[in-house]
Amino acid sequence: MTLLECINGPEDLKSLSQDQLTRLAGEIRDVLIETTTRTSGHLGPNLGVVELTIAIHRVFDSPKDKIVFDTGHQAYVHKLLTGRFAQFGTLRQRGGLTGYPSRAESEHDLVENSHASTSLSYADGLAKAYKLRGEPDRTVVALIGDGALTGGMAWEALNNIAAAKDSRLVMIVNDNGWSYQPTIGGLAEHLAAIRVNPRYEHVLDYIKTSLPRAPLVGPPLYGTLHRVKKGIKDVIQPQVMFEDLGIKYVGPIDGHDERLVETALRHARGFGAPVIVHVITKKGFGYPVAEQNEIDCLHQVPAAGALPGTWSRVFGDEMLAIGTRRPDVVAITAAMLHPTGLAQFAAAYPDRVYDVGIAEQHAVTSAAGLAMAGLHPVVAIYSTFLNRAFDQTLMDVGLHQLPVTFVLDRAGVTGLDGASHHGMWDGSIMQLIPGMKIAAPRDALRVAELLNEAVEVSDGPTVVRFPKGKVGGEVEAIAKLGGMDVLRSPAAGLAEDVLLVGAGPMALMGLEIADRLAGHGIGVTVVDPRWTKPVDGALAGAARRHRLVATVEDNGLVGGFGDAVARLLRDHDVDVPVKTYGLPQEFLPHGTREEVLEDAGLTSQQVALHITEAVARRSSAEAQEGAPEPRRVE
Ligand SMILES: Cc1ncc(C[n+]2csc(CCOP(=O)(O)OP(=O)(O)O)c2C)c(N)n1
């Protein structure tokens with residue numbers, strides 16, 4: 001029996017000897033590697049926090065003490081130590097453990113939002129609440145990476161935390177120097193200066209000898225820590241930054257020395273005031289394949305990079321071509337150069353790509369500035385992370401009618417990352433922005449075509465949205481309807497029953513639906529709108545010729561493309577019923593993309609069934625009203 005099998009909760013950790021803890025760390029690493037290789041998942045980040053997580057659970061009393069994992073992608077070790085070892089093999093599988101903390105899974109999980117840089121704000125609120133509620137025996141712990149620390153929210157939180165002098169709040173900065181890639185920017189350089197300081201080893205020795213001698217509780221502790229702190233300050237200046245904010249600082253600590261981390265955390269816990277514990281770790285630690293992986297230390301397996309045949313790669317290829325032709329086109333990424341497909345562009349035009357860190361809001365307003373000065377920025381971002389920058393998109397870009405192109409990867413159902421990662425909101429919130437134009441390519445050729453059209457727009461913002469994964473086959477238009485592509489007309493002998501408008505790749509699903517409906521004698525015209533905002537006015541005329549309009553989109557139903565089509569028809573007094581198919585306005589759980597779409601009722605079979613029923617109802621209503629027979633296509 002392994003040690004890990006005997007750990008049913010944090011309590012079981014507390015009696016283990018240092019040797020046993022070392023063995024346990026090894027066992028955890030084996031499970032992490034074996035499982036994520038099979039299920040996919042965040043490997044590098046979790047390998048890096050094994051000792052740190054063990055120490056956290058030995059020092060603090062979860063769930064009484066609250067542990068907030070920033071982003072939450074590094075919470076696998078926490079899952080293994082909080083009674084979920086037996087289920088760990090189901091990681092990221094439908095119905096199995098989620099890839100992030102999950103309140104439904106465990107009382108030890110608190111925050112499931114996997115959007116970065118929020119942990120300090122949650123922690124600030126929690127600590128303030130416990131104070132107000134008279135629960136002084138709880139400590140709130142936030143674990144935040146140096147990557148997440150580049151997000152503006154983290155600094156807004158620090159500003160407030162510094163003022164909440166008696167909050168029992170321990171902020172652990174897990175500094176591995178990496179986000180997906182090496183963390184960049186002023187803060188990163190600041191932290192790097194601490195890491196590479198030749199006297200760092202010296203400091204570690206100093207901490208090793210000083211901290212264990214410190215008394216565990218009471219005023220003398222403060223004095224000792226204060227001296228330790230000043231000692232560090234004497235040899236290493238960069239950490240002054242945190243102190244200048246008015247927040248106590250302990251570190252840097254070697255994050256793979258469990259005993260040392262534990263000692264530092266015990267002291268931090270005794271402070272009774274906000275304190276930062278700066279821990280240095282190595283992403284992928286203990287697994288050379290990860291440690292030496294140059295792209296991202298196996299941040300994720302399989303790699304999130306833009307693989308051949310993916311939408312991201314097709315975008316990346318075209319971006320490179322556009323870059324060659326258009327020197328005014330620049331690219332912005334928020335810490336996701338490789339996953340968004342910008343790596344080739346960056347290699348060719350290093351001066352024209354800006355990695356702003358995990359700072360989507362800044363990315364968008366910075367793009368506004370670039371556009372104001374005559375450039376055409378392409379902001380390449382995962383759909384779900386653009387949510388954070390809605391106001392910047394609306395007011396900083398939209399209001400000024402600036403030519404910024406947003407390329408939204410992972411738009412629609414993303415799959416195994418679950419509720420926080422499904423890109424099912426952009427199609428609605430972008431509809432709200434005056435002057436915004438939204439393109440949804442159905443295949444690889446259309447990615448190139450629409451991206452080129454988007455960067456030609458000079459009087460306002462544009463969006464190009466596409467899903468995660470492999471691009472399907474190419475489908476040519478058989479005709480044009482306004483600016484839209486007609487992909488299929490009703491088969492000979494069938495009537496113009498249904499006008500089916502499929503946004504993006506859903507246009508291809510529309511073809512499958514049409515085949516199924518043809519089998520039931522229902523004639524379908526399939527249209528790819530290409531641009532889902534503004535909705536093409538030619539739809540109104542086409543709708544009048546049909547008995548039913550159906551829209552299909554990979555986006556939340558409320559306020560999406562389907563609603564925009566319905567509004568257009570209302571505005572044009574078109575009296576044809578409209579059925580909108582899309583994702584239910586819910587937080588959809590994890591599963592493969594196919595599984596989630598099926599659960600949402602968004603397969604060709606399910607949609608075809610609904611449409612068949614709707615047409616049947618329409619036919620019987622028409623029969624009762626004595627309506628004329630629909631026109632048949634010869
Ligand atoms: C708002 C937001 N933008 C982007 C991401 C994608 N993302 C997930 S983890 C990560 C890097 C995090 O780096 P760090 O906080 O240093 O943690 P590490 O993986 O190095 O342990 C990024 C960019 C995200 N989760 N949230």
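Just so you know, ligand 1 is whichever comes first in the structure, and atom 1 is the first atom listed for that ligand. Values below: all heavy atoms of this structure, side chains included; hydrogens, waters and symmetry mates excluded. From a predicted model like this one, the values you see are computed outputs, not experimental measurements.
- Not a single donor-acceptor pair under 3.5 Å links the side chain of S114 to the backbone N or O of T71.
- With 3.5 Å as the limit, one finds a donor-acceptor pair spanning the side chains of S428 and N555.
- In this structure a side-chain-to-backbone donor-acceptor pair under 3.5 Å is present from H590 to G96.
- For ligand 1, residues of the protein lying within 4.0 angstrom by heavy-atom distance are P45, T71, H73, S114, H115, A116, G145, D146, G147, A148, N174, N176, W178, S179, Y180, K283, H299, A335, M336, I358, E360, F385, R388.
- Taking the ring centroids of Y100 and H421, they lie under the 6.0 Å cut-off.
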Let's go through D409 and K468 carefully: what are the C-alpha distance in whole Å and the side-chain angles of both, what is the deciding distance for salt bridge (charged side-chain N to carboxylate O under 4.0 Å, His left out) to 0.1 Å, and is it a yes or a no? CA-CA 7 Å; D409 198 330; K468 181 179 181 175; over 6 Å; no
Could you check K79 against E105 for salt bridge (charged side-chain N to carboxylate O under 4.0 Å, His left out), going step by step and ending with a plain yes or no? CA-CA 9 Å; K79 291 195 186 219; E105 274 175 26; 2.9 Å; yes
